[in-house]
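Written out below as structure tokens is the structure these notes cover.
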2 protein chains.
Amino acid sequence: MLMQSAVPSRIAKDAAVTKPGHVPTATEDAIDMMGAPMSFRRNAEIYGEDEPADYLYKVVSGAVRTYKLLSDGRRQIGAFYLPGDVFGLESGSVHSLSAEAISDTKVLVIKRRALVALAARDNGVASQLWTITARELQRAQDHVLALIKTAEERVVGFLLEMASRVRGGNQIDLPMSRQDIADYLGLTIETVSRTMTHLEDTAAIELPSSRKVVLRNRSALGRLTG
Amino acid sequence: MLMQSAVPSRIAKDAAVTKPGHVPTATEDAIDMMGAPMSFRRNAEIYGEDEPADYLYKVVSGAVRTYKLLSDGRRQIGAFYLPGDVFGLESGSVHSLSAEAISDTKVLVIKRRALVALAARDNGVASQLWTITARELQRAQDHVLALIKTAEERVVGFLLEMASRVRGGNQIDLPMSRQDIADYLGLTIETVSRTMTHLEDTAAIELPSSRKVVLRNRSALGRLTG
DNA sequence: CGACCATTTGATATGGATCAAGCGATGTGG
DNA sequence: CCACATCGCTTGATCCATATCAAATGGTCG
């Protein structure tokens, strides 16, 4: 009966909670120690827009997308979160985007209030909370910049970003669909697909399957970034 | 000789530093008290991309734009700052955008380190620094959302946003040029101009001059927001 | 008044959207 | 184990919103 709510020390230690080659900070440690493991199936909602932002999440395995819907059904994906990434942190009391699991996903969940309370005593934690938010800000600003570029520049930028975030050098294993990519980049699925095909024709990338991309020519790709 | 660097207590008290109807917080008080007044002429650079982010700014009068340039000259404006707004706060040590005065502008300048030091002792200040960053994040996310909309939706959204930020009800006095608006919205100057004209033809707005806009029909405008 | 710069207006071009099949992988029931 | 439905992706044909190119108009300031 109590098994589910027991302190998840073993899981927290074992799980691939940290990004490759990343030194954990006080806050991340706190999340790892205090965070409760939780699982979500593919396409399950983790939280909804306008829900109280009482928790903070760290991806253990799988992948997460955050998004907003416009009244007419257009969807803008705000970000993708991969293992080691923290999401759901907002200064306000409600989430301004929804979050869903892209594939079956494990996360650590921690009460926001607990972390804020800790931050009141520990400046290191306080500054980490700030840093996480600032990193999100940076990401959002880069996203804005991406959205004024051409379709090819957006797709190439996306592939380079993903390559830098997953281990595996030039091999990328995309957890998300073409539709997800399109909604992240402000393009249609057809344009994303065509652009990928064109990059393959150009020998800039290889597409062993639709979800696997190999970067063949980084310098050529770099030049296509705008 | 020392006049320029004297504590600017009188100016800080007198100036229209706070936004209309806004209750100042501990941090904002700190900026107002400790901030040194400084003036910039129209189009003068306040700081450049990749410069050390040693200072934080609060607009007293005038207006500021932050922006990034792409190698081929495309410019993306990140945000506009009006009297009472704080800008230049980054968690990292360098600015990721440049900042320029749109018109002749007065700001209060404060050393980042001083504020961070204060935050280490005062949780209220620490939490305010976080809140300011989180507000920027919110703004950037809204900006991303705007950039997937149609030209008309972007322009209308921009006008409504500006109306909510300046006093004057339905009368907006735009400090920025059409080019600035275009570079903020990811459109061309011609498209912005045409869209404005179309809104005027539709009786949604009035354009007494190119820099003055009167919102004539808010509910109609609201419907055009997407 | 005349020069200059910002803005508007007009004509045309085009990148990406939309509409519409086709195709390959995965899974399901007979 | 195979027919066939389903789903995600690609490919093709056409359209359209916005960019681009070009010129006219309107302030502003010496």
Side-chain angles (χ1 to χ4, degrees), chain A residues 42-43 63 65 70 72-77 102-104 146-159 172-202 205-213 224 226, chain B residues 41-43 63 65 70 72-76 102-104 146-159 172-202 205-213 224 226:
Chain A
R42 190 168 116 88
N43 293 328
R65 63 179 167 250
L70 296 183
D72 64 355
R74 278 174 289 178
R75 182 181 67 156
Q76 176 61 42
I77 289 187
I102 292 175
S103 49
D104 291 351
L147 292 182
I148 67 160
K149 299 187 184 179
T150 65
E152 184 167 73
E153 288 167 346
R154 293 185 214 188
V155 171
V156 169
F158 171 75
L159 292 177
I172 315 172
D173 228 313
L174 296 174
M176 71 289 286
S177 69
R178 291 285 185 272
Q179 188 63 63
D180 285 339
I181 298 172
D183 289 348
Y184 177 69
L185 297 178
L187 299 171
T188 59
I189 188 177
E190 293 96 331
T191 298
V192 172
S193 182
R194 276 189 249 271
T195 305
M196 295 266 206
T197 307
H198 178 243
L199 289 172
E200 191 177 29
D201 292 347
T202 303
I205 67 172
E206 225 172 294
L207 285 167
S209 81
S210 71
R211 299 292 184 105
K212 284 193 199 305
V213 183
L224 294 176
Chain B
R41 291 220 307 277
R42 190 169 117 88
N43 293 328
R65 62 179 166 249
L70 296 182
D72 65 355
R74 278 173 290 179
R75 182 181 68 157
Q76 176 61 42
I102 291 176
S103 49
D104 293 349
L147 292 182
I148 67 159
K149 299 187 185 179
T150 66
E152 184 166 73
E153 288 168 347
R154 293 185 214 189
V155 171
V156 169
F158 171 76
L159 292 177
I172 315 173
D173 228 316
L174 296 173
M176 72 289 286
S177 69
R178 291 286 186 271
Q179 187 64 61
D180 285 339
I181 298 171
D183 289 349
Y184 177 69
L185 297 178
L187 299 170
T188 59
I189 188 178
E190 293 96 331
T191 298
V192 172
S193 182
R194 275 189 249 271
T195 305
M196 294 264 205
T197 306
H198 178 245
L199 290 172
E200 191 177 29
D201 292 348
T202 302
I205 66 172
E206 226 172 294
L207 285 167
S209 82
S210 72
R211 300 292 184 105
K212 285 191 199 306
V213 183
L224 294 176

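Each chain gets a letter, A, B and so on, in the order its sequence line appears, and its residues count up from 1.
- Within the 4.5 Å cutoff, the side chain of His198(B) has heavy atoms near those of the Glu152(B) side chain.
- Between Glu153(B) atom CD and dA17(D) atom P there is a gap of 12 Å when expressed in whole angstrom units.
- Per the geometry, CG belonging to Leu185(B) stands 12 Å off P belonging to dT18(D), to the nearest Å.
- Between Thr188(B) and dT18(D), a side-chain N or O to OP1/OP2 separation shorter than 4.0 Å is absent.
- When each of Thr195(A), Ile181(A), Leu187(A), Val192(A) is checked for a side-chain contact (heavy atoms from CB on, under 4.5 Å) with Phe158(A), only Ile181(A) meets the rule.
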With 3.5 Å as the limit, what N/O pairs link the protein to nucleotides 6-14 of chain C?
{"residue": "dT7(C)", "atom": "OP1", "partner": "Arg211(B)", "partner atom": "NE", "Å": "3.0"}
{"residue": "dT7(C)", "atom": "OP2", "partner": "Arg178(B)", "partner atom": "N", "Å": "3.1"}
{"residue": "dT8(C)", "atom": "OP1", "partner": "Arg178(B)", "partner atom": "NH2", "Å": "3.1"}
{"residue": "dT8(C)", "atom": "OP2", "partner": "Arg178(B)", "partner atom": "NE", "Å": "2.8"}
{"residue": "dT8(C)", "atom": "OP2", "partner": "Ser193(B)", "partner atom": "OG", "Å": "2.6"}
{"residue": "dT8(C)", "atom": "O5'", "partner": "Ser193(B)", "partner atom": "OG", "Å": "2.9"}
{"residue": "dT9(C)", "atom": "OP2", "partner": "Thr197(B)", "partner atom": "OG1", "Å": "2.8"}
{"residue": "dG10(C)", "atom": "N7", "partner": "Arg194(B)", "partner atom": "NH1", "Å": "2.8"}
{"residue": "dG10(C)", "atom": "O6", "partner": "Arg194(B)", "partner atom": "NH2", "Å": "3.1"}
{"residue": "dA11(C)", "atom": "N6", "partner": "Arg194(B)", "partner atom": "NH2", "Å": "3.3"}

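- We find that CZ of Arg74(B) is positioned 13 Å from C1' of dG15(C), with the value rounded to whole Å.
- Two residues are said to be in side-chain contact when any heavy atoms from C-beta on lie closer than 4.5 Å; Arg211(A) and Pro175(A) fail this criterion.
- A donor-acceptor pair under 3.5 Å links the side-chain atoms of Arg178(A) to the main chain of Ser210(A), judged by distance alone.
- What separates NZ of Lys149(A) from C1' of dG15(C) is a distance of 17 Å, to the nearest Å.
- In this structure, Leu199(A) places its CG atom 13 Å from P of dT11(D), rounding to the nearest Å.
- One N or O on the side chain of Gln76(A) and one on the backbone of Tyr184(A) form a donor-acceptor pair closer than 3.5 Å.
- Between the CG atom of Leu147(B) and the P atom of dA17(D) there is a distance of 19 Å, rounded to whole Å.
- Between Lys212(A) and Asp173(A), at least one side-chain nitrogen of the basic residue sits less than 4.0 Å from a carboxylate oxygen of the acidic one, meeting the salt-bridge criterion.
- Rounded to whole Å, the distance from CG on Leu187(B) to P on dG15(C) is 18 Å.
- For the pair Lys212(A) NZ and dA25(C) P, the computed distance is 14 Å after rounding to whole Å.
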